[in-house]
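The structure appears below as structure tokens.
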Number of protein chains: 2
Amino acid sequence: MDLWYFILTKNEINLIFGIAEFWYKIDIFTYMNTNLDNKKVEKISKALGDPYRIRIMQAVKEEKDWLQCQAIKEMFNLAQSTISHHLSQLVDAELLHAEKDGRHARYKINQEVMGDYVSYLSDFRDK
Amino acid sequence: MDLWYFILTKNEINLIFGIAEFWYKIDIFTYMNTNLDNKKVEKISKALGDPYRIRIMQAVKEEKDWLQCQAIKEMFNLAQSTISHHLSQLVDAELLHAEKDGRHARYKINQEVMGDYVSYLSDFRDK
DNA sequence: TTTATATATCGAAATATATCGATATATAAT
DNA sequence: ATTATATATCGATATATTTCGATATATAAA
């Protein structure tokens with residue numbers, strides 16, 4: 001049996017989808033994402049450009065559902081006000097959804113914005 | 001004919017690949033990208049967290065092949081040393097390949113690192 | 001060899017960000 | 001009502017980044 005190794009480009013994904021469309025008689029629509037302007041991309045990138053915030057995002061990702069602010073505070077040796085600052089950077093960039101539950105705050109990843117950012121960056125690939 | 005609208009998650013892509021594997025009797029291997037550590041992700045994000053550098057990336061993308069440094073200088077009202085600084089941020093983060101051609105420098109997007117960054121971020125999606 | 005051009009590097013000043021401690025606010029527990 | 005807990009905000013300081021002008025380096029043109 002042969003083993004083939006691919007790094008797939010957008011065009012190649014489109015080809016595969018094309019075959020799938022033909023075989024299953026369906027239409028798969030892909031679209032270029034225009035939801036993010038440069039200002040927004042800058043803000044998101046800045047938000048991800050800090051070691052603590054990267055680890056916060058990872059912790060939020062690991063959590064099945066929402067992650068309590070309290071849990072984040074216990075991960076680091078940082079003042080509570082500093083954690084709060086990092087969290088608002090992530091919320092301002094809309095990378096995280098924030099929700100208040102009594103006196104607790106909890107967070108989960110904003111899938112839509114994260115998806116927009118990923119597809120924005122994907123446009124830098126191939127041509 | 002029915003029209004269905006999907007935002008596909010990684011798991012759903014895997015399902016589609018699974019069907020393709022079954023039908024064409026091939027193996028499609030997907031793997032979690034571990035090429036980037038947090039330090040690298042931080043550096044790349046920081047590099048993308050500046051309006052000039054975002055526009056430089058876009059300009060490099062638009063260029064069919066390599067983009068001359070000179071062309072970038074003409075896009076902005078910035079001192080030559082500042083442009084040089086921004087370009088080295090992007091090259092240090094390995095978002096751009098740099099090449100010297102005589103006394104000119106030229107750049108193109110480092111597809112591998114950009115791809116690694118995109119797939120790193122993709123792991124923040126779905127679960 | 002001299003001069004012009006493209007880019008890189010250095011040092012200083014301006015600006016932005018991270019961090020803390022103190023304090024405010026809002027909710028829950030007593 | 002009072003007290004304790006979770007989070008947010010403020011002001012000050014430390015640190016990092018951006019920007020410039022001046023200068024260095026390296027290549028091409030005269």
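Predicted model only: the values in this text are computed from it and were never measured. By convention in this document, chain letters (A, B, ...) are assigned in the order of the sequence lines, proteins followed by strands, and residues within each chain are numbered from 1.
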Next item on the list: Please determine, by modelled atom types, if A:Thr82 and A:Tyr52 share a side-chain donor-acceptor pair under 3.5 angstrom.
Entry: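 No.
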
Next item on the list: Could you verify whether a donor N or O on one side chain and an acceptor N or O on the other, from A:Asn38 and B:Gln58, lie under 3.5 Å apart?
Entry: yes

Next item on the list: Please step through side-chain contact (heavy atoms from CB on, under 4.5 Å) for the pair A:Tyr120 and B:Ile54, ending with a clear verdict.
Entry: CA-CA 11 Å; A:Tyr120 176 96; B:Ile54 290 172; 3.5 Å; yes

Check: Are any of B:Thr82's side-chain N or O atoms less than 4.0 Å away from OP1 or OP2 of D:dC20?
Finding: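 Yes, such a contact exists.
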
Notebook entry, point to check: B:His86 side chain N/O closer than 4.0 Å to the phosphate oxygens (OP1, OP2) of D:dT19?
Noted result: yes

Note to self: Less than 4.0 angstrom from a charged side-chain N to a carboxylate O is my criterion; do B:Glu94 and B:Lys40 meet it?
What the structure shows: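 Looking at B:Lys40 together with B:Glu94, the answer is yes, because their closest N to O distance falls below 4.0 Å.
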
By the 4.0 Å heavy-atom rule, please label [X] as base, sugar-phosphate, or nothing.
X	answer
B:Gln80	base
A:Leu87	nothing
B:Ile83	nothing
A:His85	base
B:Gln89	sugar-phosphate

Expressed as a whole number of angstroms, how long is the span from [X]:[atom1] to [N]:[atom2]?
X	N	atom1	atom2	answer
A:Lys46	D:dA16	NZ	P	17 Å
A:His104	D:dA8	NE2	P	12 Å
B:Tyr52	D:dT19	OH	C1'	10 Å
B:Ile56	D:dT18	CD1	P	11 Å
B:Lys73	C:dA8	NZ	P	11 Å
A:Arg106	D:dA8	CZ	P	14 Å
B:Asp101	C:dT7	CG	C1'	13 Å
A:Ile54	C:dA18	CD1	P	12 Å

Check: side-chain contact (heavy atoms from CB on, under 4.5 Å) between A:Ile109 and A:Leu96: does it pass, once the steps are laid out?
Finding: CA-CA 5 Å; A:Ile109 289 176; A:Leu96 292 183; 4.0 Å; yes

Check: Any idea which of D:dT19, D:dC10, C:dT7 is nearest the B:Lys100 side chain?
Finding: C:dT7

Notebook entry, point to check: Which nucleotide sits closest to the side chain of A:Ser81: D:dA8, C:dG21, C:dT7?
Noted result: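 The listed nucleotide nearest to A:Ser81's side chain is C:dG21.
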
Note to self: So for B:Arg103 and C:dT7, does any side-chain atom that can act as donor or acceptor lie under 3.5 Å from a complementary atom in the base?
What the structure shows: no

